[in-house]
Amino acid sequence: MIASIGLPKRDSAGLIGVLPPTFPEWLGGSNFQQTHGTRFAYAAGSMANGIATPELVESLAHHGMLGFFGAAGLPFERVEAGVAKIASHLSGRGLPWGANLIHSPHEPALEIQSAKLFLERGVPCVEASAYMTLTPAVVLAGVKGIATRPDGSIARPRALFVKLSRPEVAQRFLSPPPSSLLNDLADQGLLTQDEVHLAKRLPLATDVTVEADSGGHTDNRPLAALLPTIKVLWEEIRSRHQLDSRLRIGAAGGIGTPSAVAAAFALGADYVVTGSLNQGAVESGLSADGKAMLARAELADVAMAAAADMFELGVKVQVLRRGTLFAARANRLYELYRSYDSIEALPDEVRKELEEIFRSSLDGIWEETQAYWLRREPEQAARALYEPHHKMALIFRWYLGMASRWAINGDESRRGDYQIWCGPAMGAFNAWTKGSFLESPGERTVVQIGLNLLEGAAVTSRAQQLRACGVDVPSEAFCYRPRRLGVG
């Protein structure tokens, strides 16, 4: 039975009580800031194809926030150059930063090459994304270099952030890596026996980002259901394996307003990660045309579309729907892939339909596609010669890949084909910023976005604290409006 109590009484001066101050720096788990050297428990996720630019990462680092370079989808030379640039500006100063390692089931050699690059360059934080299972590359990134401190605890030279949305995937990263993978890496000379032994005492990940309904790869899960589930799972696994390692659990997906940030921290998130809205930031690699389209997006202006990197598996990504036909066209390609065994089997009217979308003959697209794979991964081109269905997939993936490039380059003649990753957070952000200085795409710097979200979350959290104490707090106390905040 819950005892019935009255509202708090005022003293003669009208004072009800006193609460200590609340600051943006105090939101989330302080262990995040202590471990990663940030001022805030806040990060901007790695937007692929270089949309999360070195400039974006560096700007965040200089203002106490963590950013991840969008290495996924870039040629290795550009990944190498981007990592080198950021490292030269930040690593010597101890500032926080990271880079993305994406699961590449069709290009395992590129995945392991990227992981080795991050080790060589001393990338302090690696954000692993789109993983459905463990691979040698992600285990290497999480384990290489671990060692025992004089007090017997284990030191980890880098953090492994893992973005996930399924408990069965989370279980793999919350647990120590399987012995089979560790031993294989040791047999290849990539791990020492000491590293193999110590890895069995730790969860593979250091930070797990629970990703709800987001742009790009997503399962469209609600954060309020997903985050508590993963937190409970971690406690079960820690107890079962008797792990003494500290692990941080953060929140991503749908975070586009101060109230959403405050809600994530109220659910127990150690940190928050923003995504879609940073794509529209001044420092992002998306074209001005693409940023303008994002700035007009409303809450429901998103759709699920076939993904380029996992097309054959039927995996989908969430993209902007307003102003582009990409989602409908991408899903049409996947339907055709499921229905026909080869390009040659397509009816004439379907071939004509595709050539109108592609603005080129299918034979011409194949020549361009084949030349690309002969440069990047010859095995893919060779396989297409004896697997017609694989050739079909590569041709369709040409369109999916080019659609992102058209949006990044701002090819307005292909605006109807722009692929812009976007979740509902973008629409919420636009509604919140309407009428403020942040309504203009030219004012949306990644730092002003982050600072305003955090300041607003502190205000919102403060109002909720007062309400929890029985104070009749008006609804407008929860409505923080964006304002220019100092960045000195």
Side-chain angles (χ1 to χ4, degrees), residues 47-49 51 70 72-73 102-107 129-132 163 165-166 211 213-221 253 275-276 279 286 290 293 297 300-343 345-347 350-351 353-360 362 365-366 368-369 372-373 380 383-384 387-408 411 414-424 426:
M47 296 170 287
N49 289 337
I51 293 175
I102 194 165
H103 183 210
S104 304
H106 301 294
E107 298 179 88
S129 59
Y131 279 86
M132 295 178 287
K163 192 182 292 183
S165 57
R166 300 185 183 187
E211 186 176 31
D213 194 5
S214 66
H217 288 286
T218 181
D219 286 321
N220 309 106
R221 299 287 185 261
S276 298
Q279 201 166 199
L286 186 66
M293 291 173 67
D301 288 336
V302 294
M304 298 301 295
D309 56 346
M310 300 184 190
F311 176 78
E312 295 93 323
L313 300 176
V315 174
K316 293 192 173 185
V317 290
Q318 191 159 215
V319 298
L320 182 67
R321 178 175 56 84
R322 183 174 184 172
T324 170
L325 298 172
F326 171 77
R329 289 174 171 175
N331 291 334
R332 171 64 169 155
L333 293 180
Y334 186 67
E335 290 173 6
L336 294 173
Y337 176 75
R338 290 288 305 273
S339 301
Y340 297 94
D341 293 331
S342 68
I343 288 291
L346 294 174
V350 173
R351 291 180 65 96
E353 171 195 350
L354 294 181
E355 290 177 344
E356 288 178 353
I357 293 173
F358 294 169
R359 302 187 189 179
S360 177
L362 293 181
I365 296 297
W366 171 240
E368 183 179 334
T369 301
Y372 169 83
W373 285 111
Q380 296 287 342
R383 179 182 165 195
E387 285 188 31
H389 207 212
H390 185 60
K391 175 183 174 181
M392 185 184 207
L394 293 183
I395 290 174
F396 289 174
R397 285 169 60 188
W398 170 90
Y399 172 78
L400 303 179
M402 290 300 296
S404 292
R405 186 178 301 177
W406 293 324
I408 291 170
D411 184 348
R414 302 303 301 248
R415 183 181 292 154
D417 296 296
Y418 280 4
Q419 177 181 188
I420 302 176
W421 301 297
C422 182
M426 192 73 246

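Basis for what follows: all heavy atoms, side chains included, without hydrogens, waters or symmetry-related copies.
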In Å and rounded to the nearest 0.5 Å, what is the [atom1] to [atom2] distance from [X] to [Y]?
| X | Y | atom1 | atom2 | result |
| --- | --- | --- | --- | --- |
| C422 | D301 | SG | CG | 8.0 Å |
| Q279 | I420 | CD | CD1 | 7.0 Å |
| D411 | M402 | CG | CE | 8.0 Å |
| R332 | L325 | CZ | CG | 14.0 Å |
| E355 | S360 | CD | OG | 7.5 Å |
| H103 | M132 | NE2 | CE | 6.0 Å |

Test item: side-chain donor near acceptor, Q419 and W421, under 3.5 Å: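 W421 and Q419 do have a side-chain donor-acceptor pair below 3.5 Å.
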D309 and H217 side chains, donor-acceptor separation under 3.5 Å: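 Present: a donor and an acceptor within the cut-off.
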Would L394 and W366 satisfy side chain to side chain contact (heavy atoms under 4.5 Å, CB included), going step by step from the backbone distance to the final call? CA-CA 8 Å; L394 293 183; W366 171 240; 4.2 Å; yes
Would you find a donor on one side and an acceptor on the other, under 3.5 Å apart, between the side chain of [X] and the backbone of [Y]?
| X | Y | value |
| --- | --- | --- |
| S104 | I102 | yes |
| T324 | G416 | yes |
| R321 | A300 | yes |

Taking all non-hydrogen atoms of both residues into account, name the closest pair between [X] and [Y] and its distance.
| X | Y | result |
| --- | --- | --- |
| L336 | M392 | O-CE, 3.7 Å |
| L400 | A307 | CD1-O, 3.8 Å |
| Y334 | A306 | CB-CB, 4.1 Å |
| Q318 | P424 | NE2-CD, 3.8 Å |
| P388 | S342 | CB-CB, 3.6 Å |
| S165 | D219 | OG-OD2, 2.6 Å |

Could you walk me through whether D417 and R329 pass side chain to side chain contact (heavy atoms under 4.5 Å, CB included), step by step? CA-CA 8 Å; D417 296 296; R329 289 174 171 175; 2.6 Å; yes
List the steps, then state whether side chain to side chain contact (heavy atoms under 4.5 Å, CB included) holds for K391 with T369. CA-CA 9 Å; K391 175 183 174 181; T369 301; over 6 Å; no
In terms of ring plane angle, is the pair Y337 and H389 parallel, tilted or perpendicular, where the classes change at 30° and 60°?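 Parallel: the ring planes of Y337 and H389 meet at under 30°.
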Parallel, tilted or perpendicular: which one describes the rings of Y399 and F326, with boundaries at 30° and 60°?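 Because their plane-to-plane angle is under 30°, the rings of Y399 and F326 count as parallel.
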Carefully, step by step, assess H390 and Q380 under the rule side-chain hydrogen bond (donor to acceptor under 3.5 Å, both in side chains). CA-CA 8 Å; H390 185 60; Q380 296 287 342; 2.8 Å; yes
Criterion side chain to side chain contact (heavy atoms under 4.5 Å, CB included) against L354, the qualifying member of I365, L362, I395: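 Among I365, L362, I395, the one meeting side chain to side chain contact (heavy atoms under 4.5 Å, CB included) with L354 is L362.
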Taking CZ in R166 as the centre, count heavy atoms belonging to other residues, nucleotides or ligands within less than 6.0 Å. Is the count above 12?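 No, the 6.0 Å shell around CZ holds no more than 12 heavy atoms from other groups.
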Within 6.0 Å of CZ in R351, more than 12 heavy atoms from elsewhere: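 Above 12, so yes.
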Any side-chain heavy-atom pair of M304 and N220 under 4.5 Å: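 Yes, close enough: below the 4.5 Å cut-off.
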Validation row: Y418, I408 side chains within 4.5 angstrom (heavy atoms):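 Y418 does not reach I408 side chain to side chain.
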Please step through side chain to side chain contact (heavy atoms under 4.5 Å, CB included) for the pair N331 and K316, ending with a clear verdict. CA-CA 9 Å; N331 291 334; K316 293 192 173 185; 3.7 Å; yes
The test is ring pair (Phe, Tyr, Trp, His ring centres under 6.0 Å); show your working for W398 and F358 and say whether it passes. CA-CA 9 Å; W398 170 90; F358 294 169; 5.5 Å; yes
I'd like to know if R397 and E312 make a salt bridge, using a cut-off of under 4.0 Å between side-chain N and carboxylate O.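 Looking at E312 together with R397, the answer is yes, because their closest N to O distance falls below 4.0 Å.
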Would you please test R221 and D213 for salt bridge (Lys or Arg N to Asp or Glu O under 4.0 Å) and show each step? CA-CA 5 Å; R221 299 287 185 261; D213 194 5; over 6 Å; no
